[in-house]
Each structure stands twice: as structure tokens, then as C-alpha cells.
2 protein chains.
Amino acid sequence: MKTTDENQPLAGAQDADGARRSDRTRAAILRAARERFAEHGFERTTIRAVAADADIDPSMVMRYFGTKERLFDAALDIDLRLPDLTAVPLADLPELLVRHFLDRWESDPPDDGLLVLLRSAVTNERAAQRTREMFAAQVAPAVTEVLPPRAAARIGLVSAQLLGLALTRYLLRMPAVTELTKEEIVATLAPAIARTLGV
Amino acid sequence: MKTTDENQPLAGAQDADGARRSDRTRAAILRAARERFAEHGFERTTIRAVAADADIDPSMVMRYFGTKERLFDAALDIDLRLPDLTAVPLADLPELLVRHFLDRWESDPPDDGLLVLLRSAVTNERAAQRTREMFAAQVAPAVTEVLPPRAAARIGLVSAQLLGLALTRYLLRMPAVTELTKEEIVATLAPAIARTLGV
DNA sequence: CCCTGAAGTCAACAGGTGTTGGCCCACGGG
DNA sequence: CCCGTGGGCCAACACCTGTTGACTTCAGGG
């Protein structure tokens, strides 16, 4: 679902890796943008701040991405990287899900992608729609394939539980949640999700 | 925890109800502010828009609340209205919690209070702190009183699940969650929360 | 009646925003 | 050597924001 367009097929000054100069600054802008969007959301992130982080002029951001919204779209182009679920026994699914998302959220270096989406989707309709699309394109199909229909109908509430975890732990930073270790969360949330699915 | 200060003790033009003129416009401002904050969050809500909704001049908002942040604080002064939990049997607690919050969120006319808080807390540190305080002041004490210690330690994850429901249903509006009826949600989420608590 | 103080209006300021267009520099191929 | 082009910078525009202060209305008590 990558929308990154590899245009400019004409030859230009190329790096040793075959990467153009512009590709590196483009990547620098994107990295800075993801970080800012993840921490402050769409409205509070300014083009000027992103540019400063990437050590370039604000107008360069416009040159590369055209508009703040298109920069945002580019930053939202993420992949949940859900593992292949057809191989795992049904009974292991809940724990695998909880562990997978905890690992992604707490990876080091942090992979801001999901937090960008979540933080922004709450106040930005464009991001909200992206979230719904991502769910429909990546989560729903992967899960309905391996679940009995009755359980698949509850996948919405499973998402609610997982997103609620991200919300309280990483965005609201509620002590009652941040105090828990990864293992404690897995141990108590996985059974709850199993119960939600009825498996 | 009401921070509303009833100053201006001097007599003034009073209404039949004993309410000053200013009290009515103050209330109108607050109502408009809550609506805007609930729908668009802190950053996207402008003083001018609130004033327009309340049919007054923007400078009046400043006169009454001093600052946008103080208006925000006033709008955040909410009460979860948790029922007395000491009376209910432990086994009924999960269903009661789910039902209580669903009822509050879907009350008609809508009571924006909780949505203001949730929508804003994600991008506004001040609101996030308020949320943590509200949790610590209202949820934690009411629940730890009636729960065995082992279950009380998991109240954070219960909040995560309830807030996750609000997030996906009212803010992100994910079809897989909005499609469910209130009763369906109660029927599948309450057992999951019971499992989380281990009761 | 006037006159005081509260309630409300108007116009402006100062700062920050996304966005634009003109200019400059480096550099590699002719 | 020139010079065209891609990459980058600077300064400005137009707009919107929170906020302020001076002015007007208006009701009611002396």
C-alpha cells in the first residue's frame, strides 16, 4: 500500500549507494516529521520545526512534499507488520497479539509510525480515516481468516482493547498502566482478549 | 474539586431566579466551549468560534475566563458520577462499569465532558494531567475500596479497556465498533473485564 | 433626573502559521 | 572554460491567532 512515488527517472547526481542527494534530505524530513507528529500531533507540528530538525529551510519541505497535509500523508504511510496468523494455534493468538503490539510500541529505536497515527487520528479526521482504512486493510483480513465468524465479529472490541492500552500507556501515561511490566500486561490482558473472542 | 470561584459578592442586577445576567452568558460560553473542545480538541478550537456560538464578542470570553487555557480548565471541570460501588456484588461490577460509561457517553443530550477530556488529553499535556488526576481522585479510590488488592492492581488495564472503547467508538468511529449495539458491547466486554480483574 | 458600574462592542496589535517566488551556489558534462 | 540544472536559502505575503484597551450601551439607585 506504499504510495511513495519513485518519479524523477532522469539521471542526476548519485551517491555511492545509488541514492540521490535529494533522497537523503527527503528521508531526513520524513524522519523529523514522524517524530514531531508522533509527539505533538498534526496541529501542533509546524513546518518550521520539522525543517529545523532536518537542518534545512522550511521552503524545502514544501518543495519535497507540496503541502503540510501531503507531508502528513507520507508520514502516515505505515505498515503494522502483522505476522502470518494462519500458522499459530487459535489459543495462542491473544498473547501473540498483545506481545506483537507491545514490542512494536516499545522497540528501540522507537518506531513512531503507530503513535503518529493514534495521536493525530483523535483530532484529525484525515488521520482517523487512515486509521479505519489501515484496520480494514491489515487487521480485519488477517484475523477473520483464522477466526470462526462469531469471534471475528468481535475483532472491533479487541482493537479497542489494544488501542486502549496504547492510549493509556503511551499517550496519557497513566501511572496505573505505565507501572506495569510488559509481562504483567501480557499475563492479564491476553486472557481478557481471549475471553472477548470467546476462544 | 470544583474550582469555579463565586467571586463578585457585591449585589448586581439579578434575574428572577437570582441569577445575574453575567451568569447566563458565562454559562453560554462554557457550553459552547465544551462543545467545540469536545469536537475539535484544544488547538483547533478558537476563541472566536466559541464566542460566535455563544453570540457574543470574543473579548467577552477573555473578560470572563481570562485566558484560553483557563477557559479550557473550566471546561474540564467534570465529574464521572460513578455510582456507589460498595453496595454492588463483586460479580456485577464489570457489567455495571461498562453500562455506566456507555450510558454517559451516549446520553441525550450529549454530555461532552468526558469526550472533551479524552480528545484533548491526547495532544495536550495539561489535559493529560487532568485525566490522570481525575483517575486518581475518582476511579482509583472508588474501586480499590471494593476490590481485593490483587484485582485493584489491574484497575489500570480496566481503564485502558474502557477508554479504548470510547476511543474507537466515539473518536475514531471504527465501523467494527460503532456497528455493535450497546447490549452486544456489554455482553462481550463485561466478561473480558471480569477476567482482567480475576473476579 | 443623572451617574455609576457592569455588560458588551469595536478595532487594533503582535506574533506565529502555511505557503510562495525569486535568488544563489555547487558541480559535472559539453 | 561555460553554463544548465538540481538543491538549497532568504524574504516576504496573506492569513489567522490570542489578547488588549478604549469606547459605548444600559439599567437601576441616589
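Convention: sequence-line order gives letters A, B, ...; per-chain numbering from 1. The figures here come from the full heavy-atom set of this structure, side chains too, leaving out hydrogens, waters and symmetry mates.
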Does NZ or CZ of R26(A) fall inside the cone over F65(A)'s six-membered ring, less than 6.0 Å from its centre and within 45° of the axis?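 Yes, cation above the ring, under 6.0 Å and within 45°.
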Please evaluate residues R34(B) and E39(B) with respect to the criterion salt bridge (charged side-chain N to carboxylate O under 4.0 Å, His left out), reporting the C-alpha separation (whole Å), side-chain torsions for both, the decisive distance (0.1 Å), and the verdict. CA-CA 8 Å; R34(B) 283 217 172 89; E39(B) 193 155 358; over 6 Å; no
Taking salt bridge (charged side-chain N to carboxylate O under 4.0 Å, His left out) as the test, write out the residues that go with E43(B), two or more places apart.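 Result, salt bridge (charged side-chain N to carboxylate O under 4.0 Å, His left out) vs E43(B): R44(A).
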Partners of E145(A) by salt bridge (charged side-chain N to carboxylate O under 4.0 Å, His left out), sequence neighbours excluded?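 E145(A): no salt bridge (charged side-chain N to carboxylate O under 4.0 Å, His left out) contacts found.
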Selection residues 144-182 of chain A - residue pairs positive for ring pair (Phe, Tyr, Trp, His ring centres under 6.0 Å), sequence neighbours left out: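 Counting only pairs at least two positions apart or across chains, the ring pair (Phe, Tyr, Trp, His ring centres under 6.0 Å) contacts touching residues 144-182 of chain A are W105(A)-Y170(A).
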Counting only heavy atoms and a strict 4.0 angstrom limit, can you tell me which residues of residues 51-63 of chain A come near DNA chain C?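 Going residue by residue through residues 51-63 of chain A, the ones with a heavy atom under 4.0 Å of DNA chain C turn out to be S59(A), M62(A).
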Close residues, residues 38-46 of chain A, relative to DNA chain C [heavy-atom separation under 4.0 Å]: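 Of all residues in residues 38-46 of chain A, the ones placing a heavy atom under 4.0 Å from DNA chain C are T45(A), T46(A).
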Between the protein and nucleotides 13-15 of chain D, list the N/O to N/O atom pairs that are separated by less than 3.5 angstrom.
none

I need the [atom1]-[atom2] distance between [X] and [N], as an integer number of Å.
X	N	atom1	atom2	answer
R24(B)	dG8(C)	CZ	C1'	15 Å
R70(B)	dT19(D)	CZ	C1'	12 Å
I47(A)	dC10(D)	CD1	C1'	17 Å
R26(A)	dG7(D)	CZ	P	10 Å

Regarding E179(B) and R169(B), does a basic nitrogen lie under 4.0 Å from an acidic carboxylate oxygen?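 Salt bridge: no.
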